[in-house]
Amino acid sequence: MGSTALRVRFAPSPTGYLHVGGARTALFNWLLARQSGGVFVLRIEDTDRTRHVAAAEQKILDDLRWLGLDWDEGPDAGGDCGPYFQSQRLDIYQRYVEQLLEEGNAYYALDTPEELEAMRADARKAKRASTYRRPDPLPTVKEGLAARDRGQPAVVRFLMPPGDVVVHDLVRGEVRVPQDEMEDFVILKSDGWPTYHLACVVDDAMMKVTLVCRGQDHLSNAPKHVALQQALGFQTPQYAHLPLIFNLDGSKMGKRDKHVAVHEAVARLIRDGKWTIDTVGEHARIDADGASRWFGDKKAGRKPEFQALDMDGLIRLAGHAGVVLPEIDVHDFRVSGYLPEALGNFLNLLGWSPGDDREHLSRDEAVAAFSIDRIVKSNAKFDRDKLLALNTHWCAGVSPGRLLEAFRDFTQTGGSALNALDDGTASRVLEACKGLRTFRDVENKAGALFVADAQLEYDAKAVRKVLAKNDGQGYAMLERLLPALDSLATWSPDAVEALLADVCEKYDVKLGDVAQPVRVAVTGRTISPAIGDTLMLLGKERTLTRIRNCLAAVA
Ligand code: GLU
């Protein structure tokens, strides 16, 4: 990197939670900064007022922090190149627009929407990549301002200089874009706000960014940015575009996946006659028209319009349809009970590998091993099984203190019922759930232990299989066990297990024939921590109460 210190940036647009693709970009930039003693800048690109989502900035900052990615300059951190919100830098962009206009490198364009549509249609017909036709002669600045003052559409376009544009990309090599594929793009919108291109180029220069590392979806923007930099007399930073991330089936990972998952379930419910479109509207709390647009109509050839339902509505609908939404954003993985250590490790391997067989990388190991030249060009695959395996690995590997801390974050963020547990109990639960894959497993396995005894729900299938079968064999076992458990002098896992072993011997049955009836009686289900741990977590009194309640229910 020569003598200048590396300055990299992550520049999210606040349109929602932090997507895993964005998180991977942030991570790679962070690693580059940390391994070189460079600076990691966080810049919020909030110039698209139509896509702006309230509170999204805060969510993004929160998710970055959860992943352990801190920034040296940016919101909350300050720095010499602020403000770090683009919406607070409008006067800066305006100055550069004026400079470009004055120097003849930009012009006011006054095309109407109809004229622009006609140009697009022409380009489609001629199979041309570029669509915009530069006006001849160009409107003067005076004409542009007058049109704008009259309320006519007036944008400022960059005047693309002649010649091909070449981008040297550290991952993709030399990318050459022929002149006829480039067009005069908009830099200032008619509402006076800059476009992403202008704001990004100005800020990268003013924030002294030396390397731009971002998703490959921005590769096609790079030639525009290079041309703008040249016109503005800015230095071109180095570029590294990261491979895209796809689902295993080759589809793009995005919000759409969540809609598709719910749509499939709803279609089944409607087909089976259990739901109608009205049910969809009721559960999602949207009107009938919205519900019908969201669902579409295959026979009538009407495709689903997923934008008719916002995320909150979709979450409500998913709840009613019994669908667990696929995780897409960092926040989704957080509420599903993943460790940031595991998600970070997983993201680290999307498009990059250390070059040996190592799959498990701590953050420090990643800082030491990371290098741009091992970033691959081919698309990365988001393999959820691999992520689950990594999470299992990290859950088993972190210290009990760290596991507890992360579990606390999970119960708080996801609103888990286990949030009420004191630290001591939560630690015992985690210990009893060893081998867990995600914290959701802990909730599934141990959640029933912490509901009020009278509220315990019994899974009908478990009752049938374990208690009622063979003329109530399970119930009969509980009748025998109850007095024995009641008279146990010490309530310890060893004592409970010894008692169960004695019963097995006495009646010549397998441990499962004794332990499973107890498990179903005290948890309502066939899955819980080891029976000794389960009964210890419940305590003697509640164990006996639950067994008595269970027997009373069939009496
Ligand atoms: N705001 C852009 C995005 O969120 C960032 C583009 C860039 O890194 O230049 O995709």
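In this text, all values refer to a predicted model and were calculated from it rather than measured experimentally. Whatever order the structure lists them in is the order used to number ligands and atoms, beginning at 1.
Donor-acceptor pairing under 3.5 Å is recorded for the side chains of W294 and H259. Between the side chains of Y17 and D332, no donor-acceptor pair is found at a separation under 3.5 Å.
Taking the centre and axis of the six-membered ring of Y338, the NZ or CZ atom of R334 falls outside the cone set by 45° and 6.0 Å. A cation-pi contact, defined as under 6.0 Å to the ring centre and within 45° of the axis, links R157 to Y132.
With sequence neighbours excluded, the residues that form a salt bridge (charged side-chain N to carboxylate O under 4.0 Å, His left out) with D356 are R358.
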Does the pair Y84 and E73 meet the rule for a side chain to side chain donor-acceptor pair (under 3.5 Å), with working shown? CA-CA 8 Å; Y84 294 92; E73 292 178 24; 2.7 Å; yes
For each nitrogen or oxygen atom of ligand 1, which protein N/O atoms lie closer than 3.5 Å, and how far apart are they, rounded to 0.1 Å?
{"residue": "ligand 1", "atom": "1 (N)", "partner": "A11", "partner atom": "O", "Å": "2.8"}
{"residue": "ligand 1", "atom": "1 (N)", "partner": "S13", "partner atom": "OG", "Å": "2.8"}
{"residue": "ligand 1", "atom": "1 (N)", "partner": "E45", "partner atom": "OE1", "Å": "2.6"}
{"residue": "ligand 1", "atom": "4 (O)", "partner": "S13", "partner atom": "N", "Å": "3.3"}
{"residue": "ligand 1", "atom": "4 (O)", "partner": "S13", "partner atom": "OG", "Å": "3.3"}
{"residue": "ligand 1", "atom": "8 (O)", "partner": "R9", "partner atom": "NH1", "Å": "2.6"}
{"residue": "ligand 1", "atom": "9 (O)", "partner": "R9", "partner atom": "NH2", "Å": "2.9"}
{"residue": "ligand 1", "atom": "9 (O)", "partner": "Y196", "partner atom": "OH", "Å": "2.7"}
{"residue": "ligand 1", "atom": "9 (O)", "partner": "R214", "partner atom": "NH1", "Å": "2.8"}
{"residue": "ligand 1", "atom": "10 (O)", "partner": "H218", "partner atom": "NE2", "Å": "2.8"}

